Number of protein chains: 2
Amino acid sequence: MAGVIEFWFDFSSPYGYFAAAEIDRLAAETGRTIVWRPVLLGVVFQSTGMQPLAETPLRGDYARHDWARIARLTGVPFQLPTRHPIAAVAASRAFYWIEQRDPAAAISFARRIFHAYFAEDAAIDHIDVVGDVAQQAGVDRTGLLAALQNAGTKAAFRARTDEALAKGVFGSPYCIVDGEPFWGWDRLAMMKDWIQRGGW
Amino acid sequence: MAGVIEFWFDFSSPYGYFAAAEIDRLAAETGRTIVWRPVLLGVVFQSTGMQPLAETPLRGDYARHDWARIARLTGVPFQLPTRHPIAAVAASRAFYWIEQRDPAAAISFARRIFHAYFAEDAAIDHIDVVGDVAQQAGVDRTGLLAALQNAGTKAAFRARTDEALAKGVFGSPYCIVDGEPFWGWDRLAMMKDWIQRGGW
């Protein structure tokens, strides 16, 4: 049976954002379903000793240049947020809380969070902004904001983070399909080829 | 005037090796000349705080898996060397010494060094192996081995390392064409598109 594409990403990751803009087309071209999986790279980095891209000497400069040209190439609206990277804890917890109730709304929420951060410079690490964006996606704002403080909501996200680490996720985007991992925006085409040819 | 493609790489880098296997086709397709530029990533990493890929948790596992599938995809002979990564100091110094005397022989030498390391598991960090490979490329073995000890030979390579850092080279392969940088084997297609369309 053809498996889903697990799409792991960090809401603070420009490459994750660019991948999100292409992932539906990839789903259509391969006939696979996308399972959106936000995670915090900061937690992953504690395990790998890696640093945020934008804060690594030379590599950070390259990345900023690269994001701008990818935006020009793809036509995806992008401006480097005033504060970057940020820890999208509330947005990520919110995603999984919404997903349990309405999977389609969760994806709509995820897209809007990405757009708010990278196209509108919104402070997506602020709970009220997360609530506003959720409301735009048709989610009960008050119910969500109350739930974000619950131990259960926090534990659910922590479990996803543990799952990500167990699966070897170390960057964003990081896709897994039929057990095969593909790291990076620049590997989406390779993943498509892999799926369509049944691997090599 | 159409500029050259500077092709920076580390002889110890599998992605550099895979790029070397495609770089001539890229030159033919774009009409650009390739300027081969070996460098030591270990020196670069001292400036960036990055670690060798194969030694980074999770990311190292991914990379080993990725190298094997790229070899299957491209048909390029590859086995992870018994000792990896290594510091290819002598081979890199040798390259620039040869290049000053015979640029074509230097490229032949570089290809043979890559092949010796990744297809034959040769100890390319040993001076006698470097001498043997140089001889196969038509180079005066005795003259080369004597020159590797010269202060001038060492300084020439150090100058290239400084040049790499000044240009922002932080990984392998790292190509620069008309001032535009492209990092990674998986960006060769993007670089080709960039050249053919005159940028975006």
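Here the structure is a predicted model, which means the values were calculated and not measured. A, B, ... follow the sequence lines: proteins, then strands. Residue 1 opens every chain.
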Linking I/L/V/M/F/W/Y whenever any side-chain heavy atoms sit under 4.5 Å apart, do A:Ile107 and A:Val35 land together? no
Heavy-atom nearest pair, A:Val169 first then B:Leu58, reads O-CD1, 3.7 Å
Comparing B:Met190, B:Arg72, B:Arg69 against chain A, the one with the most heavy-atom pairs below 4.5 Å turns out to be B:Arg69
Do B:Trp200 and B:Ile195 share a hydrophobic cluster, counting only Ile, Leu, Val, Met, Phe, Trp and Tyr and linking them when any side-chain heavy atoms are less than 4.5 Å apart? yes
Count the heavy-atom pairs under 4.5 Å between each of B:Pro181, B:Gly199, B:Gly171 and chain A, then report the option with the highest count. B:Pro181
Quick one: do A:Ile34 and A:Trp8 end up in the same hydrophobic cluster if we chain Ile, Leu, Val, Met, Phe, Trp and Tyr together by side-chain heavy atoms under 4.5 Å apart? yes
Assign the ring pair A:Tyr62 / B:Tyr174 to parallel, tilted or perpendicular, where the plane angle (0 to 90°) is split at 30° and 60°. tilted
Connected via hydrophobic side-chain network under 4.5 Å: B:Ile113 and B:Leu80: yes
Please classify the contact of A:Asp61 with chain B as side chain, backbone, both or neither, using a heavy-atom distance under 4.5 Å. neither
